[in-house]
Amino acid sequence: MPMHVRDAMSSVVLTIGPAHTLRQAARLMSERRVGSAIVLDPDTSGLGILTERDILNSLGTGQDPDQETAHDHTTADVVFAAPGWTLDEAARAMSQGGFRHLVVLDGGDPVGVVSVRDIIRCWAPAPQPVPA
């Protein structure tokens, strides 16, 4: 029986605004132990995603995390998944798009994020205890 996105996704959804600095976003992501934040822009009524890689790329080019905003580093052309997608469908979308996170929408509302790590955790067999 195939596993679905709803089985793997993290329902801990961090949402931030476009004016958050990269340092603020990084702090919140670290506190929540998540690798991405959904960026809600009330002016455009759109959602984007800011990932740890976006922050790393900014720092790597010498940009100031206290001056750079989420808006300037958000991926706006987000591919969304539905909770009923199979993990194969989600993995295929990630592979084709070259990204590691999918925002999961249910009825147009963000309800979770599924990452490559989430999918691997579901596909990899659980470690078996070693007999004593």
Side-chain angles (χ1 to χ4, degrees):
M1 178 180 201
M3 293 191 76
H4 295 88
V5 165
R6 76 174 61 81
D7 303 318
M9 72 182 197
S10 169
S11 58
V12 176
V13 179
L14 172 61
T15 58
I16 63 173
H20 276 82
T21 66
L22 293 187
R23 184 177 308 278
Q24 291 169 325
R27 184 179 313 114
L28 291 168
M29 289 164 64
S30 178
E31 287 170 2
R32 302 256 175 93
R33 301 186 55 127
V34 296
S36 63
I38 295 174
V39 181
L40 295 174
D41 190 340
D43 294 333
T44 64
S45 299
L47 353 142
I49 189 167
L50 179 73
T51 67
E52 54 200 356
R53 181 173 296 202
D54 297 324
I55 295 170
L56 184 64
N57 287 342
S58 174
L59 293 175
T61 61
Q63 294 177 330
D64 183 347
D66 293 313
Q67 298 299 315
E68 294 297 311
T69 63
H71 175 270
D72 296 325
H73 298 277
T74 296
T75 301
D77 56 344
V78 179
V79 174
F80 300 101
W85 279 20
T86 66
L87 293 187
D88 286 343
E89 290 173 308
R92 191 174 311 109
M94 289 177 183
S95 177
Q96 289 172 348
F99 41 82
R100 300 177 302 160
H101 298 85
L102 290 173
V103 175
V104 183
L105 295 182
D106 190 8
D109 296 321
V111 294
V113 174
V114 65
S115 70
V116 170
R117 182 179 305 164
D118 296 328
I119 293 172
I120 291 171
R121 186 183 67 244
C122 288
W123 282 347
Q128 300 299 313
V130 177

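Counting from 1, the numbers follow the sequence of the chain as shown.
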Point-to-point distance, once rounded to the nearest 0.5 Å, from CD1 of I16 to CD1 of I49: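 So the CD1 of I16 and the CD1 of I49 are separated by 10.0 Å.
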All side-chain hydrogen bond (donor to acceptor under 3.5 Å, both in side chains) counterparts of [X], not counting sequence neighbours:
| X | value |
| --- | --- |
| T51 | D54 |
| S58 | Q63 |
| E68 | H73 |
| T69 | D72 |

Minimal non-hydrogen separation, G48 against V78, with atom names: CA-CG2, 3.7 Å
Minimal non-hydrogen separation, A82 against V104, with atom names: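 Heavy atoms of A82 and V104 come nearest at C-CG1, 4.0 Å.
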Salt bridge (Lys or Arg N to Asp or Glu O under 4.0 Å) contacts in which one or both residues fall within residues 5-20, not counting sequence neighbours: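 As it turns out, there is no salt bridge (Lys or Arg N to Asp or Glu O under 4.0 Å) pair with a partner in residues 5-20 once direct neighbours are skipped.
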Identify, with sequence neighbours excluded, every residue that meets side-chain contact (heavy atoms from CB on, under 4.5 Å) alongside [X].
| X | value |
| --- | --- |
| V34 | V12, L14, M29, R32 |
| D64 | D66, Q67 |
| A90 | V5, W85, L102, I119 |
| T15 | V13, I38, L40 |

Min side-chain heavy-atom separation L47-F80 under 4.5 Å: yes
Residue pairs involving residues 92-117 (criterion side chain to side chain donor-acceptor pair (under 3.5 Å); sequence neighbours excluded): S115-D118
